[in-house]
Amino acid sequence: MPYEVPENWVWTDIEHICSKIGSGSTPRGSNYSSEGIPFFRSQNIYNSGLVYEDIKFISEDVHQTMIGTEVLPNDLLLNITGGSLGRCAIVPENFQRGNVSQHVCIMRPILVVPEYFHAFVLSSVFSKSMKITGSGREGLPKYNLERMFFPLPPLSEQHRIASEIERWLALIEQIEQSQSDLQVTIKQTKRKILDLAIHGKLVPQDPNDEPASELLKRINPKAEITCDNGHDEKSPFEIPDTWVWCRHNSILDISGGAQPAKSYFETIPRPNYIRLYQIRDYGESPVPIYIPISLASKQTEKGDILLARYGGSLGKVFHAEQGAYNVAMAKVIFKFDNLIYKEFAYYYYLSNLYQGKLKEISRTAQAGFNSTDFNDMYFPLPPLSEQQRIVAKIEELFSVLDTLLSTKNRK
C-alpha cells in the first residue's frame, strides 16, 4: 500500500468504487452537428470543471449509437492521453446530457463522494501511481486505471473532508485574488509616482538649484530651448519654472543594436567572447548567449539603458551590464555630460509620457521604432540636483511598495 491510513479507512482499488470506467469514441467521419448533445473532448476537461469553449455537438442518433458512454451528473471525466493526461472534472449535478471522446474516461463513483474522489485524483499520490504507456502519445490504459489503489474513508468522513477541502480552496482563491488586487494597486501606484515625478510634483523645488535652462546653455551654448516651462502650446504639460522642455533628440540619442549570425552563438563564455543581450534575457530563466567580442559592434557598459524596440516587449526598459545588444534593442545615448542624471532618464522612459508617445508611433504589436521617431518627443529637464532628489524619492517609495508586496507574499 502507498502509505498507512486511519484504522477506520480501507485500501481498495478504483475498479471497486466505480459502477462504470470507460472512454468514448470519435463519431465516424467526425460526424459533428451544429447543435445537439454536447461532446466533450480533452480540451473541454479541466480540473476546475467542464469548459464549453470549442465544444462539439453530436446528433441524437449518433448519441444513441454511443449510449454506453453517456455522461451523467456526478461523473468524473478524466483525460487519459496526451499532454493534458490526468486533468479531471466533476460533472455538475444539474447536468443534462453529454458524451465523450476516446481521450476522456468516465469514472462513475459508488459509495464515494464525488468531491472526495476528485480531490484524490488531483493529488500527488494519484499522479505518481499512474502507470503510463506509449512512447509517442502517452496514455493511461483502462486496465491500469482500474487497479490503482484508492484510500476509502467512511462516507461521513468523506463529506467532512470534501467540505474542508472546499473551504481551503475558497480561502486560497480569496488570497490569490487579494494578491492579484495588491499587485495591480502597486503597479498603478508606481505609475502615479512616475507621473508626479515628471510633472515636477514629487519633490519640492529648491530656489538654490541652477535652472535647467542655464545648465543647458552652459553645457551647450548652441542649445535651442523648445519652450521654457510648459506655457508654450507645443509642450505636453506645464512644468516648474526651473525646468525646461527639450526635444528628445537634442539631448539624447537612440542607437539600434546589431544581430550577429546565430552560428557564432555560444551558451558558455569563452576567451574574447562577450554577453549578447536580447529581449528574451529579461524573461523567466533566460539562457545567456555569448558572441566573439570582434562581432560586438554595439556594446554596453554597466548601467546603460536599453529600450525594447519590437513586438510584445515594445516599451520595456532595461538596465544593462557590460556586453553587446541585438537588433531588438536600442541603447540610450547621452549627448552631454552632467546634464541628465542617468536614472532620471530611466524613469522617464518608464513614464506615461514616453510610453504614451511610443503607442502613437507603433500602432501594431510587431511595429518598432528608430531614432527619427523621437524627433517629436519632448523631455522634461529639471535642474540636475532636482533630478537626483526625484530619483531618490522614487526609489524610496518603490522600495516601500516592493516590501509591502513581498511581505504579503510570505503570509
Side-chain angles (χ1 to χ4, degrees), residues 1-6 9-26 38-51 53-56 66 68-92 95 98-155 157-162 164-166 168-169 172-173:
M1 301 301 172
Y3 51 84
E4 187 176 348
V5 295
W9 292 34
V10 295
W11 279 106
T12 183
D13 53 42
I14 289 180
E15 181 181 18
H16 288 94
I17 60 166
C18 292
S19 63
K20 177 179 182 57
I21 298 176
S23 59
S25 60
T26 297
F39 184 73
F40 297 99
R41 299 168 295 160
S42 56
Q43 55 263 53
N44 304 117
I45 310 302
Y46 280 81
N47 295 336
S48 57
L50 301 176
V51 174
E53 184 178 351
D54 193 31
I55 189 73
K56 299 293 185 182
M66 303 171 60
T69 52
E70 182 180 25
V71 176
L72 300 180
N74 294 319
D75 282 349
L76 270 70
L77 303 185
L78 174 69
N79 287 348
I80 54 173
T81 64
S84 63
L85 193 154
R87 231 159 50 194
C88 183
I90 301 178
V91 179
F95 183 80
N99 219 304
V100 295
S101 76
Q102 73 270 30
H103 304 297
V104 179
C105 180
I106 297 172
M107 298 187 295
R108 188 163 296 152
I110 52 174
L111 300 177
V112 178
V113 175
E115 290 76 13
Y116 171 75
F117 194 175
H118 185 248
F120 173 73
V121 172
L122 299 186
S123 72
S124 60
V125 175
F126 183 86
S127 61
K128 290 177 180 178
S129 59
M130 285 193 300
K131 293 183 178 179
I132 308 301
T133 63
S135 56
R137 186 179 179 86
E138 294 183 330
L140 176 62
K142 177 184 176 182
Y143 178 87
N144 291 348
L145 175 60
E146 289 174 335
R147 281 150 184 77
M148 291 179 67
F149 286 119
F150 186 91
L152 183 64
L155 194 59
E157 189 166 351
Q158 292 178 42
H159 282 290
R160 292 196 299 273
I161 291 171
E164 193 69 8
I165 290 173
E166 183 178 359
W168 279 103
L169 289 177
I172 290 170
E173 183 177 356

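As the structure is a computational prediction, the values presented were derived from the model and not from experiment.
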Report the residues that fulfil salt bridge (charged side-chain N to carboxylate O under 4.0 Å, His left out) with R87, sequence neighbours left out, ordered by chain and then residue number.
none
If you round to the nearest 0.5 Å, how far is CD1 of I80 from CD1 of I45?
11.0 Å
Side chain to side chain contact (heavy atoms under 4.5 Å, CB included) partners for L122, two or more places apart
N47, C88, H118
Partner residues of W11 under the ring pair (Phe, Tyr, Trp, His ring centres under 6.0 Å) criterion, sequence neighbours left out:
Y3
Determine whether N144 and M130 make a side-chain contact, defined as any pair of heavy atoms from C-beta on separated by less than 4.5 Å.
no
Tell me if a side-chain donor or acceptor on N74 pairs with a main-chain N or O of I90 at a distance below 3.5 Å.
no
Gap separating the CZ atom of R41 from the CD1 atom of I55, nearest 0.5 angstrom:
7.0 Å
Mind checking what makes ring pair (Phe, Tyr, Trp, His ring centres under 6.0 Å) contact with F120, not counting sequence neighbours?
F126, F150
I'd like to check the side-chain hydrogen bond (donor to acceptor under 3.5 Å, both in side chains) partners of H16; sequence neighbours left out, ordered by chain and number.
D13
Using the side chain to side chain contact (heavy atoms under 4.5 Å, CB included) rule, take E115 and I161 through it: C-alpha gap first, then chi angles, then the decisive distance, then the call.
CA-CA 9 Å; E115 290 76 13; I161 291 171; over 6 Å; no
Answer yes or no: is there a side-chain heavy-atom contact under 4.5 Å between L50 and P92?
yes
Exam field: side chain K20 to backbone G68, donor-acceptor pair closer than 3.5 Å
yes
For H103 and T81, which heavy atoms make the closest approach, and how far apart are they?
ND1-OG1, 2.9 Å
By salt bridge (charged side-chain N to carboxylate O under 4.0 Å, His left out) - contacts of E166 (at least two apart):
none
State, to 0.1 Å, how close G24 and T69 come at their nearest heavy-atom pair, and which atoms those are.
CA-CG2, 3.6 Å
Which atom pair, heavy atoms only, marks the closest approach of I165 to A119?
CD1-CB, 3.4 Å
Return the set of residues passing salt bridge (charged side-chain N to carboxylate O under 4.0 Å, His left out) with K142 (not counting sequence neighbours), or none when no residue passes.
E146
Give a yes/no verdict on a cation-pi contact between R147 and Y143, requiring under 6.0 Å between NZ or CZ and the six-membered ring centre and an angle within 45° of the axis.
yes
With a 4.5 Å cut-off on side-chain heavy atoms, are L77 and V91 touching?
yes
Supply the atom-to-atom distance L140 CG to M148 CE, rounded to the nearest 0.5 angstrom.
6.5 Å
Under 3.5 Å, sequence neighbours excluded: what are the donor-acceptor pairs made by side chains of residues 104-113?
from, atom 1, to, atom 2, distance (Å)
R108, NE, D75, OD1, 2.8
R108, NE, D75, OD2, 3.4
R108, NH2, E70, O, 2.9
R108, NH2, D75, OD2, 2.9

Between N79 and S42, which heavy-atom pair has the shortest distance, and what is it?
ND2-O, 3.1 Å
Are any of the side-chain heavy atoms of F117 and I14 separated by less than 4.5 Å?
yes
S25: side chain to side chain contact (heavy atoms under 4.5 Å, CB included) partners, not counting sequence neighbours
M66
Residues forming a ring pair (Phe, Tyr, Trp, His ring centres under 6.0 Å) with F40, sequence neighbours excluded:
Y52, F95
To the closest 0.5 Å, what do you measure between OG (S19) and CG (L72)?
8.5 Å
Heavy atoms of P141 and T133 approach each other most closely as CG-OG1, 3.4 Å
Over all heavy atoms of both residues, which pair between E53 and N44 is shortest? Give the atoms and the distance, please.
O-ND2, 3.2 Å
Is there a side-chain contact between S23 and V100 (heavy atoms, below 4.5 Å)?
no
List for me each residue that meets side chain to side chain contact (heavy atoms under 4.5 Å, CB included) alongside S48, sequence neighbours excluded, and say none if there are none.
Y46
Sorted by chain and number, sequence neighbours left out, side chain to side chain contact (heavy atoms under 4.5 Å, CB included) with E164 holds for R167, W168
I'd like to know if the side chain of Q43 pairs up with that of S84 as donor and acceptor (distance under 3.5 Å, no hydrogens or angles considered).
no
